[in-house]
Amino acid sequence: MERVCLRRCNFTGIMALLQIILGIFVILISIASLHRFYSVGYFLHSTDGDSCQRFHTINDGYADFDLKALNDRVDEVLIRLSELQDKLESTIQKMDKDSKGRSAAKNITRTEFRMFLEEEVIQPLYSAHVALRLIRIPQADAVRAPGSPMEDPLINFFTVEETRKYITGKGNRNGKASVYGTNKTYNTIGHACVLMRKELEEYMNYDIGSYCKDDWNVAQKLMLGGCDPLPRRRCLARASRLYQRPLPINESLWTTPDDRNVRWSNYNCRDFKCLSSRNPRRGFSKCAGCFELQKEKLKWVTNTSLADFLIGDVLAAKPGEIRIGLDVSIGTGSFAARMRERNVTIVSTALNVGAPFGEMIALRGLIPLYATLNQRLPFFDNTLDLIHTSVFLDGWIDLQLLDLVLFDWDRVLRPGGLLWVDKFFCNRQDLDDYMYMFLQFRYKKHKWVVSFKSKDEVYLSALLEKPPRSL
């Protein structure tokens, strides 16, 4: 009994000592924070006698230093320490209660005590320590040495270490200039990432060198929210455990892929059969019959209305000139498959909105481009022969956004290249606005058809040729 009591007393003494150390640690953090602010000149008064003037700010290259983000980081450290102190106090109170009740069955072993220290004390302390160490304060102009580097933007906004490492500028080795003539390389993230900090921190919180979490849906949510391009990660992408060899190209174009080659965990369906247009629970609404390849085979080789253009007629407008292009649509690659049969290489944009569109395109032996409407196309100026769009921009898109998209398409389309607008639909009252958006570039009209979709909606199909603009 004396041994048990001694063990409890020792443990209680250790817990009390930890509380004292924690309190001292909080005081040191406060002093260190004030010292760091003072050392960089934030509390220096101006020389013009106005002692109540503002803190020093950065006027050269980093005027938007975010003091609020810095304050948030310090608050987070203090909150972590406060939570740890509360946890230690509650543990001591529980042990005192157990001690009074002489509950011998609840004696803590050395192993349990070690696990408690590692998981409940050391890890939170280390996390708080790292968060504090990672805080960066740029020096004021009056203090910073000439030529010294500026602090990286948003460096104090994010707390997960891997995110901070990613956005920190990477200086070249030995001071040499890069192939682009720069001395530092910045990995980029979209500025909207600051509005989705929780999701981005979740996405970047992983074990380096281990397998990534099955979180592609989190990544896509970030992309669609404007956090695009996403940071690269140093973990191994997951694949289906039952992945099978893909079919040869002469069979794969019009054959439904093997279900085992897709990770279905984040979809409503668990196989391709479930994605039938007859299934109301398939998980998506746009392009309802895209996964039914026998129906897809009829597209662009037969027409049911004036707004349906045939591939043969489109290629005949520029015989022998259409070799590479881009399909900006919602689909499973059927347009690219048809063009491949005509020896034309098409890259298809694809997002997995409710179904594995990207995987389907790749398993058919075609090229998916996992990209959103938010970003600039990753092609150089005047390089593509053809841009095709269908079931994508239809009537919902803001005119200014459409303007930006069309100017980017014009940038990558070569002189003499074709823009194929395939059954764009909108409300009749909006038709004039959308027609102007397409006509403003003064492309040559090879085909231009407006037809009724319903009483209040119309289709617009057009085949337009970019004019030469030699300056």
Side-chain angles (χ1 to χ4, degrees), residues 57-58 61-80 83 127-128 130-132 134-138 150-170 184-206 212-235 237 266 283-284 286 328 330 349-354 357-358 369-378 392-393 396-405 407-408:
T57 56
I58 310 299
Y62 198 45
D64 296 326
F65 173 66
D66 194 350
L67 282 175
K68 181 180 182 301
L70 174 60
N71 180 70
D72 291 342
R73 298 296 75 74
V74 175
D75 284 345
E76 283 186 14
V77 173
L78 295 176
I79 289 171
R80 290 179 189 178
E83 290 175 349
S127 177
V130 170
L132 187 64
L134 288 175
I135 291 174
R136 298 187 191 174
I137 303 175
M150 302 289 182
E151 286 298 332
D152 297 302
L154 297 178
I155 195 62
N156 289 311
F157 188 84
F158 298 106
T159 56
V160 171
E161 186 175 0
E162 190 68 1
T163 311
R164 296 166 64 94
K165 286 180 179 178
Y166 186 83
I167 64 176
T168 300
K170 309 298 185 295
K184 185 179 285 190
T185 300
Y186 282 93
N187 293 314
T188 59
I189 57 175
H191 69 281
C193 292
V194 300
L195 302 177
M196 306 180 73
R197 179 186 159 208
K198 180 180 178 181
E199 292 84 357
L200 182 62
E201 304 272 58
E202 176 187 351
Y203 176 72
M204 293 298 289
N205 192 11
Y206 60 89
C212 303
K213 293 175 286 188
D214 189 11
D215 59 354
W216 67 261
N217 54 331
V218 176
Q220 184 165 281
K221 180 181 179 181
L222 285 163
M223 293 170 63
L224 292 173
C227 186
D228 188 24
L230 280 176
R232 300 185 188 98
R233 297 199 294 186
R234 295 184 288 176
C235 57
N266 291 309
F284 63 98
K286 287 281 189 178
V328 185
I330 296 177
T349 61
L351 286 175
N352 295 335
V353 182
F357 290 97
L369 179 64
Y370 194 56
T372 67
L373 201 62
N374 308 336
Q375 68 184 76
R376 187 175 188 259
L377 288 174
F392 191 68
L393 304 175
W396 61 267
I397 190 168
D398 174 76
L399 290 177
Q400 190 174 66
L401 175 58
L402 178 60
D403 205 27
L404 292 168
V405 169
F407 269 95
D408 197 34

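All residue numbers in this chain count up from 1 along the given sequence. Since the model is a prediction, treat every value here as computed from it, not as a measurement.
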Worksheet item: Do C212 and R233 touch side chain to side chain, with heavy atoms closer than 4.5 Å?
Response: yes
Worksheet item: If you draw the axis of the six-membered ring of Y166, does the NZ or CZ of R232 fall within 45° of it and under 6.0 Å from the ring centre?
Response: no
Fill in: Heavy atoms from other residues, nucleotides or ligands near NZ of K213 exceed 12 (cutoff 6.0 Å)
yes
Discussion item. Strictly below 4.0 Å, N to O, side chains only: are E201 and R197 in salt-bridge contact?
Written reply: yes
Discussion item. Any side-chain to backbone donor/acceptor pair from D215 onto V218? Under 3.5 Å, distance only.
Written reply: no
Worksheet item: Looking only at heavy atoms, what is the nearest atom pair of T349 and V328, with distance?
Response: OG1-CA, 3.4 Å
Worksheet entry | Gap between atom SG of C235 and atom CG of N205 - 0.5 Å precision | 11.0 Å
Discussion item. Let me confirm one number: the CG-CG distance from L222 to D228, rounded to the nearest 0.5 Å.
Written reply: 9.5 Å
Worksheet entry | Separation between CD of E202 and CD of E199, rounded to the nearest 0.5 Å | 7.0 Å
Worksheet, complete the sentence: Tightest non-hydrogen contact, residues A371 and L351, listed as O-CG, 3.7 Å
Discussion item. Contact between Q220 and T372 at the side-chain level, heavy atoms closer than 4.5 Å - yes or no?
Written reply: no
Worksheet item: Which heavy-atom pair separates P231 from M204 by the least distance, and what is that distance?
Response: CB-SD, 3.8 Å
Discussion item. Whether the side chain of D408 engages the backbone of L377 through a donor-acceptor N/O pair (distance < 3.5 Å, no angle test) should be reported.
Written reply: yes
Worksheet item: Do Y370 and W216 come close enough that some side-chain heavy atom pair is under 4.5 Å?
Response: yes
Practice prompt. Compare all side-chain heavy atoms of N217 with those of N352 and state whether any distance is below 4.5 angstrom.
Written response: no
Practice prompt. Taking all non-hydrogen atoms of both residues into account, name the closest pair between E162 and Y206 and its distance.
Written response: OE2-OH, 2.7 Å
Worksheet item: Are C227 and V194 side-chain neighbours, meaning at least one heavy-atom pair lies under 4.5 Å?
Response: no
